[in-house]
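Written below as structure tokens is the structure these notes are about.
All ligand and atom numbering here is 1-based and tracks the order in the structure. Since the model is a prediction, treat every value here as computed from it, not as a measurement.
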Amino acid sequence: MRTSKDRKRVGGLGAAAVGLAALGSGEVVAAVGGASLIDAIGRTLTDTAPLRVVETTVELTGRHDKTVIRFGTVAGALAGAVGLAGLPARWHVAAAATFGAGAGALGLRQANRSAWISAGAVAAAGVLAAGLRTRPRGPLAALALGAAGTGLLAAAHNLNRDHDRKQRSAIRRIGAMGNPAVTPEDGLEDEPGLSALITPEHKFYVADVSPHPPRVDPARWRLAVTGMVAHPLRLSLADLAADAVEFDAVLVCVHNRPGQGRVANARWVGVPLADLLRHVIPASGATRLVTRAVDGYTISLPVEPLRSGELPGYLVIGMNGEPLSPTHGFPARVIVPGLYGQYTGAKWLAELELTDDSHVDYWWKRGWTSEPLWVEPQARIDVAAPGRESAGTTVVAGVAWAPPAGVAEVEVSVGGGAWQTTKLADELAPATWRRWRTTLELPPGRHTIRARVVGRSGAVQTGENRPPYPSGPGGFHAVTVEI
Ligand SMILES: Nc1nc2c(c(=O)[nH]1)N[C@H]1C(S)=C(S)[C@@H](COP(=O)(O)O)O[C@H]1N2
Ligand SMILES: [Mo]
């Protein structure tokens, strides 16, 4: 005989299976149009979570933030189904409909492919309502339904992968951007474990609020330069490529604590924003340049320093000899070398709008400052290898950055002792990272090595430990070696 506890467990399992089947059905419908219900919900969670929750999630999940949010969303949906199943049966249809309407509204809120997300939400609500009324009896039926739901999620995943593949081949057809024949060099011999001078695209960190990069059709895409200007523009990728130049710069996320990998160096291709602003002629009250992504996300920059060159911004269309990849902002993004990623400009640009001070950015609403934040100089230790070069010496090497003025010196200190200078590689450009290397003679025992950078502006990296919020992280990267 079954106890009531057993029945309850089967009931919960059955409801979770119904939830999985409902989510899978909705996800397949959305995926036909290249959208994702799960990602729409995930994005809404990111958009609405309190700042403290966002900061903690960034801190704890590292480079896996998107995966964690996705699995969290699925787990939340299943828990929601179990919760709904606990309601009296006569409420199930109404509750499922409410759930679906909520998810559909999330879809409509997302500027990108909202119709498909909403259609997926309707499908999910239908399956949820029907499933809760005829809940699977017994664990086997529940498992079978759960397996079907998992299969649907996998099918949706494959559909979306096909859309991604098409997007990548459309980008490949564009051809090279810039001059990929020239390989940047800094005169430093290769060192196992030391970062490359130019970070390959697949190793370049990714940081954004989009669970999945929006897909933009290069043939139909036009960048609108609008708002308070005398001459609005609509520019194709080819128009932009004709006026683009190459520049080298490091990109740093404001969440990059000392020693972390939310930083990378690339050779970019872009149109100087000062040139673009000269063409459109901003009206006298136009104080902000809003960089607006296709999904509505914005980062805005003050116009005057962009015009004067104090903020040396670019409208970027290429990275490391190729068009931007989907993850890094295809077809266009804005980068101001020296500003943290969160302030430098949006990826997946739809529009550059000139407007006045009434504009409010995505992150300002969440509590971050409206002043552009400059990157703090930082040195990172990539290699600390005792005995690599010769017995008794330790090779120490890494990268350091102090944009926009550049790195003047990188120093290391052992166990809190005096700062000793290191050998710097040639400088590619002041706004890039610079590689450095030294060998230390250390006696047997445990030693903590710290690194710091001195900027050409005179700024010296300080050891004061600070969290990323509110003005960027601080502190020294420290590595301990055992001789
Ligand atoms: N559209 C859009 N652009 C964005 C963001 C975003 O969430 N959406 N994130 C910014 C942040 S916080 C950073 S650090 C950089 C990261 O660029 P990457 O992913 O190419 O490294 O993009 C910036 N541009
Ligand atoms: Mo960032």
Side-chain angles (χ1 to χ4, degrees), residues 39 42-47 49 51 54-55 57-59 61-63 65-66 69 110-112 198-216 223 249-257 260-270 290-301 313-320 322-353 361-369 372-376 378 401 403 433 467-473:
D39 284 351
R43 170 64 186 268
T44 302
L45 293 177
T46 304
D47 288 355
L51 184 70
V54 175
E55 291 303 302
T57 308
V58 170
E59 196 86 349
T61 60
R63 293 183 87 149
D65 54 340
K66 291 174 209 295
I69 290 172
Q110 312 271 326
N112 214 26
I198 296 289
T199 313
E201 187 274 337
H202 66 278
K203 287 198 174 163
F204 204 103
Y205 82 95
V206 178
D208 55 60
V209 297
S210 304
H212 188 280
R215 301 185 194 93
V216 179
L223 177 77
V250 66
L251 189 62
V252 191
C253 178
V254 73
H255 290 101
N256 190 64
R257 286 190 186 252
Q260 292 186 330
R262 289 186 180 98
V263 51
N265 199 44
R267 172 155 288 184
W268 309 96
V269 175
V290 180
T291 71
R292 182 171 286 119
V294 295
D295 63 0
Y297 177 95
T298 67
I299 297 177
S300 75
L301 295 156
Y314 293 86
L315 172 57
V316 172
I317 54 171
M319 174 182 176
N320 299 348
E322 291 175 7
L324 291 172
S325 65
T327 31
H328 295 295
F330 181 83
R333 67 187 298 175
V334 164
I335 291 180
V336 182
L339 293 186
Y340 280 119
Q342 191 165 299
Y343 287 87
T344 207
K347 310 196 274 189
W348 312 295
L349 278 186
E351 179 180 50
L352 294 179
E353 187 197 357
D361 269 341
Y362 182 94
W363 286 113
W364 307 358
K365 283 183 221 154
R366 317 293 299 280
W368 283 85
T369 172
L373 275 185
W374 288 99
V375 170
E376 292 251 344
Q378 242 188 51
W401 53 92
W433 71 21
Y469 181 82
S471 57

Hey, can you pull the donor-acceptor pairs under 3.5 Å for the side chains in residues 344-353, sequence neighbours left out?
residue : atom : partner : partner atom : Å
T344    : OG1  : V336    : N            : 2.7
T344    : OG1  : V336    : O            : 3.0
K347    : NZ   : D208    : OD2          : 2.9
K347    : NZ   : T327    : O            : 2.9
W348    : NE1  : P326    : O            : 2.7
E351    : OE1  : R292    : NH1          : 2.5
E351    : OE2  : T226    : OG1          : 2.9
E353    : OE1  : R292    : NH1          : 3.0
E353    : OE1  : R292    : NH2          : 3.3

Given the options E55, Q342, R262, P468 meets side chain to side chain contact (heavy atoms under 4.5 Å, CB included) only with E55
What are the two closest non-hydrogen atoms of A332 and I317, and how far apart are they?
CB-CG2, 4.1 Å
Value for OG1 (T46) from CZ (R366), rounded to nearest 0.5 Å, stands at 8.0 Å
Who pairs with W374 by side chain to side chain donor-acceptor pair (under 3.5 Å), at least two apart in sequence or on another chain?
none
Excluding sequence neighbours, so at least two apart, what forms side chain to side chain donor-acceptor pair (under 3.5 Å) with R267?
D248
Near ligand 1, at a heavy-atom separation below 4.0 Å: residues by chain and residue number:
F204, Y205, V206, A207, D208, V209, L251, C253, A293, Y297, H328, R333, G341, Q342, G345, A346, K347, W348
